[in-house]
Amino acid sequence: MKPLKLIALDAEDLEILSAHLQDAVGIVGDVCYRPKERRFVMILNRFVWEESGGRWQRGYERRRTALHFERVTACRCRGIDPRTKDGVLNLLAVRFSPAEEPSGHVDLIFSGGATLRLEVECIEARVKDLGPAWSTKARPDHEAAEAPVPQ
């Protein structure tokens with residue numbers, strides 16, 4: 001399978017990114033907000049959903065993946081301690097809420113009610129696989145839950 005490379009420039013594109021990133025896991029130490037550059041980057045281990053449907057497979061795959069947002073004016077968190085660098089984050093969804101077009105905020109919603117909120121001038125996001133896949137026997141299986149978002 002070819003490495004995934006996606007760009008999101010509107011809310012519809014962001015929904016596609018969210019579907020590919022569902023159940024990606026990472027650690028707090030791999031989250032980086034650079035306010036002077038107005039950039040947010042997070043490194044995740046993405047579950048490869050697009051390859052998980054075949055019955056012929058003996059297992060599933062994960063890939064190291066970068067999630068990148070430009071034009072970020074603020075980053076806030078709820079339920080995440082930035083000092084706990086080895087804290088695990090399980091990404092459930094990426095959602096956009098518009099403000100004055102094209103600005104708004106992007107919520108990265110994690111299990112356990114943790115959320116990162118990015119205030120953005122507009123949607124400009126990228127997802128890129130960084131290397132080869134590795135196998136995993138576990139397939140995420142859970143009920144989707146509504147997570148609280150920062151105020």
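Values reported hereafter were calculated over all heavy atoms of this structure, with side chains retained and with hydrogens, waters and symmetry mates removed. Since the structure is predicted, the reported quantities are computational estimates derived from the model, not experimental observations.
- Rounded to the nearest 0.5 Å, atoms OH (Tyr60) and CH2 (Trp49) are 8.5 Å apart.
- Across every non-hydrogen atom of Gly79 and Ala114, the tightest pair is O-CB, 3.6 Å.
- Residues Arg34 and Cys32 approach most closely at CG-SG, 3.6 Å, considering heavy atoms.
- In this structure, the separation between NE2 on His105 and CZ on Arg76 is 8.0 Å, given to the nearest 0.5 Å.
- Between the CD1 atom in Ile16 and the CG atom in Asp10 there is a gap of 8.5 Å [rounded to 0.5 Å].
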Applying side-chain hydrogen bond (donor to acceptor under 3.5 Å, both in side chains) to His68 and Glu70, what does each step give before you reach the verdict? CA-CA 7 Å; His68 175 257; Glu70 292 288 343; 2.9 Å; yes
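- Although no hydrogens or angles enter the test, the distance criterion places no donor-acceptor pair under 3.5 Å between the side chain of Asp107 and the main chain of Ile109.
- Here the shortest heavy-atom pairing between Leu118 and Cys75 reads CD2-SG, 3.6 Å.
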Using the rule given for side-chain contact (heavy atoms from CB on, under 4.5 Å), can you reason through Leu92 versus Phe110, listing the C-alpha separation, both sets of side-chain angles and the distance that settles it, and then say yes or no? CA-CA 5 Å; Leu92 299 177; Phe110 301 94; 5.8 Å; no
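- Side-chain atoms of Phe69 and Leu14, non-hydrogen and from C-beta on, do get closer than 4.5 Å to each other.
- Contact record, Tyr33 with Pro35: O-CD, 3.3 Å, taken as the closest heavy-atom pair.
- From Phe47, atom CZ reaches atom CZ of Arg139 across 6.0 Å, with rounding to the nearest 0.5 Å.
- Residue-environment remark: CZ (Arg62) exceeds the threshold of 12 foreign heavy atoms within 6.0 Å.
- Transitive grouping of hydrophobic side chains (ILVMFWY, heavy atoms separated by less than 4.5 Å) brings Leu91 and Val28 into a common cluster.
- Within a 6.0 Å sphere centred on CD of Glu12, other residues, nucleotides and ligands contribute 12 heavy atoms or fewer.
- Ionic pairing of Arg64 and Asp30 is present here: one or more N-O contacts between side-chain nitrogen and carboxylate oxygen are shorter than 4.0 angstrom.
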Passes side-chain contact (heavy atoms from CB on, under 4.5 Å), Leu116 versus Phe40? Steps please. CA-CA 11 Å; Leu116 282 170; Phe40 173 88; 3.8 Å; yes
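- To the nearest 0.5 angstrom, Thr65 atom OG1 is 11.5 Å from Met42 atom CE.
- Val41 and Leu44 are members of different hydrophobic clusters when ILVMFWY side chains are connected at heavy-atom separations under 4.5 Å.
- Of the options Glu119, Glu121, Glu124, a salt bridge (Lys or Arg N to Asp or Glu O under 4.0 Å) to Arg38 is made by Glu121 and by none of the others.
- In this structure the side chain of Val31 never reaches within 4.5 angstrom of the side chain of Ile43, judged on heavy atoms.
- Distance CG/Leu17 to CD/Gln22: 13.0 Å, rounded to 0.5 Å.
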Using side-chain contact (heavy atoms from CB on, under 4.5 Å), reason through Leu89 and Ile80 one step at a time and then give a plain yes or no. CA-CA 9 Å; Leu89 299 169; Ile80 299 169; 3.9 Å; yes
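- Hydrophobic clustering (side-chain heavy atoms under 4.5 Å, transitive across Ile, Leu, Val, Met, Phe, Trp, Tyr) groups Leu4 together with Leu108.
- The two residues Ile123 and Ala11 have their closest heavy-atom pair at CD1-N, 3.4 Å.
- Ion pairing between a basic and an acidic side chain is recognised when a charged N comes within 4.0 Å of a carboxylate O; Asp129 and Arg63 show such pairing.
- Under the 4.5 Å side-chain heavy-atom criterion for grouping Ile, Leu, Val, Met, Phe, Trp and Tyr, Val106 is connected to Leu6 within one hydrophobic cluster.
- When every heavy atom of Ala8 is checked against every heavy atom of Asp13, the shortest pair comes out as CA-CB, 3.4 Å.
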